[in-house]
Structures are given as structure tokens and as C-alpha cells.
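Along the sequence shown, residues carry numbers from 1. It should be emphasised that the depicted structure is a prediction, and the values quoted were computed from it without experimental measurement. FYI, side chains are in, hydrogens and waters are out, and symmetry mates aren't considered; it's all heavy atoms of this structure.
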Amino acid sequence: RKAFQERAAASSQKEADLYNQAVSLYNRKDYSAALRIAEDLAANANNAEVKAAAASFTKRIRAKMADVAVPVEGIEEAE
């Protein structure tokens, strides 16, 4: 039983560390990498808090990615 609890705690810590990595990537504007991690955690995390936070964060990342203007080469903006 104690070994199971220790594995569960280690798993939760790993998931929390991955979530924090996603936040760090987001803050550095690496939205696609942050999204990959957040989506994986939202789908597969064992820790309910991490899973819920990742699902919410996934929505925020997608919204941010939709707001970021993507320049298109060869097209000039009209003045």
C-alpha cells in the first residue's frame, strides 16, 4: 500500500511538473509546444486537479493561438 501511495505521489508530481513546463512554454510564446503538453495532460492525467487545470489551459492556449496574427509572405497590407 505504501509503495502504491509513493508511486501515485510521484506520478502526480510528474504531471504537475509537466503542467508547469506547459505554462513556461506558453509564457515564452511557444504555444504549439504548450498545447501538445496540455492536451496530453487533459486527456491522460491521473491527478484530477492537473487534468482539470490542463483542460482549462488547453482552451486558453487555443484562444491565444487564434488571436495571434500569422504573417503571410508575399502579401502587402493595404494602406
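A side-chain donor-acceptor contact under 3.5 Å links Asn44 to the backbone of Asp40. Using a distance-only test at 3.5 Å, with no hydrogens or angles considered, no donor-acceptor pair links the side chain of Ser24 to the main chain of Asn20. Listed for the Glu15 side chain is a donor-acceptor partner under 3.5 Å among the backbone atoms of Asn47.
Tyr19 and Val50 get closest at one heavy-atom pair: CB-CG1, 4.5 Å. The two residues Ala54 and Ala42 have their closest heavy-atom pair at CB-N, 3.6 Å.
With contacts defined as side-chain heavy-atom distances shorter than 4.5 Å, the pair Arg62/Glu39 qualifies.
Cation-pi geometry between Arg60 and Tyr26 is met: under 6.0 angstrom from the ring centre, within 45 degrees of the axis.
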Given the rule in the side chain to side chain contact (heavy atoms under 4.5 Å, CB included) test, do Lys51 and Leu41 qualify, once you have shown the distances and angles that lead to the verdict?
CA-CA 6 Å; Lys51 191 169 195 154; Leu41 286 171; over 6 Å; no
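Among Asp30, Val23, Leu25, the single residue meeting the side chain to side chain contact (heavy atoms under 4.5 Å, CB included) criterion with Asn27 is Val23.
Under 3.5 Å, the side chains of Gln13 and Asp17 contain a donor-acceptor pair of N or O atoms.
One distance of note links CZ of Arg36 with OG1 of Thr58; it measures 12.5 Å at 0.5 Å rounding. With rounding to the nearest 0.5 angstrom, the OG atom of Ser32 is 5.5 Å from the CE atom of Met65.
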